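Following: one structure in structure tokens, then a few remarks.
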Number of protein chains: 2
Amino acid sequence: MGVNLTHSMQDYLKTIYMLTADHTRVPTTRIAQTLNVQPASVTSMIKKLADCHLVDHQSYHGVALTESGRSAALEMIRHHRLLETYLSTALGYDWADVHEEADRLEHYISEEFEDRIASLLGNPLYDPHGDPIPGRDGVLPPTPRLCLLDVPAPATVVIRRVDSSQRDALVFLSTRGITIGATCTVVQKASSYVVIDLAPTSKTIRLPNAIGQRIFVDRV
Amino acid sequence: MGVNLTHSMQDYLKTIYMLTADHTRVPTTRIAQTLNVQPASVTSMIKKLADCHLVDHQSYHGVALTESGRSAALEMIRHHRLLETYLSTALGYDWADVHEEADRLEHYISEEFEDRIASLLGNPLYDPHGDPIPGRDGVLPPTPRLCLLDVPAPATVVIRRVDSSQRDALVFLSTRGITIGATCTVVQKASSYVVIDLAPTSKTIRLPNAIGQRIFVDRV
DNA sequence: GGTTAATTTTAGAGATGTCTAAATTCGTAG
DNA sequence: CTACGAATTTAGACATCTCTAAAATTAACC
């Protein structure tokens, strides 16, 4: 805790956290790409973050979050995902539109605001895309990881998570009535698409692999 | 509306609008006082606002909003007061706590967010302190101006507005159950205080003039 | 009307976070 | 094991918004 973080510092920490999924250390260039910023800008910001002991920077060998950097990142992610959930549940936003609004607001809400929307929502564990919401203590619920494309053909599954990084895909899915928690049956698997039956209506939907790839499920 | 306004420009425009109530032109120093900034900083920001045709600046003779400056200020005030209303009504904030949160968020909510909370609240005309909320068209409902202290002793009134600029006074009033829309009877007027009976419970409250001065009512 | 006190503006500097261009370092391919 | 290309950092500049200190203007008093 301790340090006051600027908007930019928070963005960098969040980005580094997101990019740390598989890599131990994140190369400068990836941060630059993600934030639409020049690599030189990343270097100078990383210096500042390292001065505050939020990241560990080894010159020419990438960057990793320290424990307090990770906490700060998770706090931003908690804000972001709680806001997304709130915008969706309480204000009726489409799940394709929540990201942009949450990305702006996450830096400016108070702990009181965070607590109030969290308890109003019943302290949810997942956001509208199925991404896990860190607790105030920084603990993340498990991330649904079973890809729809990896389920063999005749099977019933519940949709648990959708990759939220591609707005187009979110629009595609929401216009077809696909939501988190929906039950569906995988009817047919072809080389370039999957056919599913959506539970309540038995509506049949053909999903291109590019989309199916971004859907994660639980088997029932 | 043409120009993209920075957070700071919005703050200056809002402040100038607020200070324009009685003065035609606002002196630099008052802006500086209000924003907790040095007069020199005000001059340089005002130059920028004048370059964008948001204010009319005559050197050494103060500043006034142009029509588009006024619009921008009213849009910020609309955001602010809608947020205050939303925080109070939907999230259960005490009316003493809404200002600080709204002041941060007002710069970052989208038009969609504005529209959604406005219609969820039923397009309210007044915020939790009774201050008028400008419409999307910039039209302000009338401001309740009859001061409680100007009402002769035996009279029944409805509380319509409370000066929100002094947090202490807001806390004083809310702990005593005084709210906008409450009916009360002015029982006794002394030189330094007023005694009122609060309607639902007939609870008797003695208000120092410093407080009564900040309460505005309608006669019934 | 001239002097003075208060207000306002100018001038120049600092902090933040970005950029471009040039220099440095790394890793690997030959 | 050297040299090249890619990744990264350094150096220096720019934009924004603030500050302090000094200069300019105003208004008002005698």
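A, B, ... follow the sequence lines: proteins, then strands. Residue 1 opens every chain. Every heavy atom of this structure was used, including side-chain atoms; hydrogens, water molecules and symmetry mates were not. Just so we're clear, the structure is a prediction, and the values are computed from it rather than from any experiment.
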In this structure, how many angstroms lie between the [atom2] atom of [N] and the [atom1] atom of [X], rounded?
| X | N | atom1 | atom2 | result |
| --- | --- | --- | --- | --- |
| A/H7 | D/dC17 | NE2 | P | 15 Å |
| A/H57 | C/dT25 | NE2 | P | 14 Å |
| B/N36 | D/dC17 | CG | P | 18 Å |
| A/I31 | C/dG17 | CD1 | C1' | 15 Å |
| B/Q33 | C/dA6 | CD | C1' | 13 Å |
| A/N4 | C/dT16 | CG | C1' | 15 Å |
| B/Q38 | C/dA13 | CD | P | 19 Å |
| A/Q58 | C/dT25 | CD | P | 16 Å |

- Message: Short of 4.0 Å, heavy atom to strand atom, which residues of residues 41-51 of chain A count as contacting DNA chain D?
- Response: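 Residues of residues 41-51 of chain A that come under 4.0 Å of DNA chain D are, in numerical order, A/T43, A/K47.
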
- Task: Give me the residues of residues 9-18 of chain A where at least one heavy atom lies under 4.0 Å from an atom of DNA chain D, by number, or none.
- Result: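 Hits under 4.0 Å, by residue number: none.
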
- Partners passing side-chain hydrogen bond (donor to acceptor under 3.5 Å, both in side chains) against B/T179 (at least two apart in sequence or in another chain):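 Counting only residues at least two positions away or on another chain, B/T179 forms no side-chain hydrogen bond (donor to acceptor under 3.5 Å, both in side chains).
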
- Quick one: side chain to side chain donor-acceptor pair (under 3.5 Å) pairs with a partner in residues 113-125 of chain A, sequence neighbours left out?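 Matches after skipping sequence neighbours: A/R78-A/E114, A/H79-A/E114, A/E112-A/R116, A/D115-A/R136.
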
- Do the side-chain N and O atoms of B/Y108 and A/H107 include a donor-acceptor pair separated by under 3.5 angstrom?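 Absent: no donor and acceptor within the cut-off.
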
- Going by atom types alone, do B/S174 and B/D94 pair a side-chain donor with an acceptor below 3.5 Å?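 There is such a pair between these side chains.
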
Can a side chain N or O of [X] be found less than 4.0 Å away from OP1 or OP2 on [N]?
| X | N | result |
| --- | --- | --- |
| B/S8 | D/dT16 | no |
| B/T6 | D/dC17 | yes |
| B/H61 | D/dT25 | no |

- Query: Counting N and O atoms only, with roles assigned by atom type, does the side chain of A/Y193 sit under 3.5 Å from a partner on the main chain of A/A210, one being a donor and the other an acceptor?
  - Reply: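 Looks like no, no N/O pair under 3.5 Å.
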
- Ring-face cation contact, A/F216 with A/R160, 6.0 Å cut, 45° max: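 Judged by the rule, A/R160 and A/F216 form no cation-pi pair.
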
- Item | Those residues that, when tested against A/L146, pass side chain to side chain contact (heavy atoms under 4.5 Å, CB included) (two or more places apart) |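 With neighbours one apart ignored, the set is A/D150, A/V151, A/V217, A/R219.
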
Extract all donor-acceptor atom pairs below 3.5 Å that involve side chains of residues 52-60 of chain B and protein atoms in other chains or at least two apart in sequence.
residue, atom, partner, partner atom, Å
B/D56, OD2, B/R25, NH1, 3.1
B/D56, OD2, B/R25, NH2, 3.0

- Task: Measure the acute angle between the ring planes of B/F113 and B/Y86, then classify it against the limits of 30° and 60° as parallel, tilted or perpendicular.
- Result: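 B/F113 vs B/Y86 ring planes: perpendicular.
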
